[in-house]
Amino acid sequence: DAGVIQSPRHEVTEMGQEVTLRCKPISGHNSLFWYRQTMMRGLELLIYFNNNVPIDDSGMPEDRFSAKMPNASFSTLKIQPSEPRDSAVYFCASSPLAGSTEAFFGQGTRLTVV
Amino acid sequence: DAKTTQPNSMESNEEEPVHLPCNHSTISGTDYIHWYRQLPSQGPEYVIHGLTSNVNNRMASLAIAEDRKSSTLILHRATLRDAAVYYCILRDVDKLSFGAGTTVTVRA
């Protein structure tokens, strides 16, 4: 397996534009996580899915953020409209559904909103 | 969420062992203790995990206190490539939340 695949790797957009980040989890993994990392706030869990169902979205900062997982092999994180303070590295991770299993992270998407 | 407490930073010399402590006094009986690390400009990567017994793998060892309220990650011989932020996390079934971690610096 190629691991968790995120796209794009880098995104530069203007304030007010819609941004969509994509994630392909490892085949067979039924938990998927979205994180945001900044120097100020560290690595924050935004939302996670089990078996394609959102379980906890309490980390989503505001209504401008939304995440979907239409099937087991694809998830998106959308920001609409984007703001400069959304600039961060966004990570996606996947794992089997169990406390005893390891999670695998993608390489991240570096988002810059100007 | 059960919380963990780690020192902000630690320094080590190359080829010497590194002992990274983690306190988790509110751990529940079903929480696994996980350790991840994040190298510069990379995503976090799994290091090791355990429930009650000490664990060893090719990367590190995990020593778990008998009451499970603390644990220690042991890097037996630190290399420059081990310089990273190390996160101690409690994981029940699914949720995986990160704290601030410990920044490890390795001196040549």
Side-chain angles (χ1 to χ4, degrees), chain A residues 2-7 9-10 21 23-26 29-60 69 88-111, chain B residues 1-9 24 26-60 62 64 68 71 73 84-103:
Chain A
V4 176
I5 299 173
Q6 292 187 244
S7 64
R9 290 292 309 278
H10 302 273
L21 311 181
C23 176
K24 176 178 168 54
I26 292 174
H29 284 187
N30 44 13
S31 286
L32 183 139
F33 308 83
W34 281 102
Y35 297 87
R36 176 175 69 176
Q37 188 168 36
T38 60
M39 288 293 293
M40 290 294 295
R41 301 177 68 89
L43 197 57
E44 301 173 276
L45 176 62
L46 300 178
I47 185 171
Y48 71 95
F49 296 81
N50 288 343
N51 297 313
N52 312 338
V53 177
I55 302 301
D56 185 348
D57 65 354
S58 59
M60 297 285 263
M69 192 163 185
V89 180
Y90 291 81
F91 289 103
C92 175
S94 72
S95 80
L97 178 55
S100 60
T101 59
E102 65 180 278
F104 294 83
F105 283 75
Q107 289 296 302
T109 295
R110 180 173 296 277
L111 173 65
Chain B
D1 295 342
K3 297 192 69 172
T4 63
T5 304
Q6 301 178 250
N8 290 333
S9 62
H24 30 79
T26 59
I27 190 170
S28 73
T30 54
D31 283 332
Y32 283 82
I33 303 161
H34 285 249
W35 284 82
Y36 284 75
R37 73 178 186 180
Q38 187 173 21
L39 302 173
S41 301
Q42 294 190 26
E45 64 175 350
Y46 167 84
V47 176
I48 200 167
H49 77 273
L51 185 62
T52 57
S53 302
N54 295 344
V55 184
N56 299 297
N57 66 19
R58 62 174 180 81
M59 290 181 70
L62 176 60
I64 301 173
R68 299 209 328 127
S71 61
L73 179 71
V85 179
Y86 287 78
Y87 298 96
C88 171
I89 300 160
L90 301 182
R91 186 178 189 194
D92 186 355
V93 175
D94 48 13
K95 195 168 186 176
L96 192 64
S97 296
F98 287 74
T102 297
T103 299

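Convention: sequence-line order gives letters A, B, ...; per-chain numbering from 1. The figures here come from the full heavy-atom set of this structure, side chains too, leaving out hydrogens, waters and symmetry mates.
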Of all the heavy-atom pairs spanning R91(B) and P96(A), show the shortest one and how long it is.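 Result for this residue pair: NH2-O, 3.7 Å.
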Let me see the working for Q42(B) and F105(A) under side chain to side chain contact (heavy atoms under 4.5 Å, CB included), right down to the final yes or no. CA-CA 9 Å; Q42(B) 294 190 26; F105(A) 283 75; over 6 Å; no
Contact origin within T101(A) toward chain B - heavy atom pairs under 4.5 Å: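 Both parts, heavy atoms under 4.5 Å.
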Under 4.5 Å from any heavy atom of chain B, what part of Q37(A) do you find: side chain, backbone, both or neither?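 Only the side chain of Q37(A) comes within 4.5 Å of chain B.
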Check whether any side-chain heavy atom of P44(B) lies under 4.5 Å from a side-chain heavy atom of L43(A), and answer yes or no.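 Touching, per the 4.5 Å side-chain cut-off.
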Please rank S31(A), S100(A), G59(A), G42(A) by heavy-atom pairs under 4.5 Å with chain B and give me the top one.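 Most heavy-atom pairs under 4.5 Å with chain B: S100(A).
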Residue selection (most heavy-atom pairs with chain B, distance under 4.5 Å) from F91(A), Y48(A), Y35(A):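 Looking at each option in turn, the highest pair count goes to Y48(A).
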Enter the distance from K95(B):NZ to D56(A):CG here, rounded to the nearest 0.5 Å.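 Between atom NZ of K95(B) and atom CG of D56(A) there are 4.0 Å.
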Can you confirm whether R68(B) is buried at CZ, in the sense that more than 12 heavy atoms of other residues, nucleotides or ligands lie under 6.0 Å from that atom?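 Result for CZ/R68(B): enclosed.
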D94(B) versus chain A, heavy atoms under 4.5 Å apart: side chain, backbone, both or neither?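 Both the backbone and the side chain of D94(B) come within 4.5 Å of chain A.
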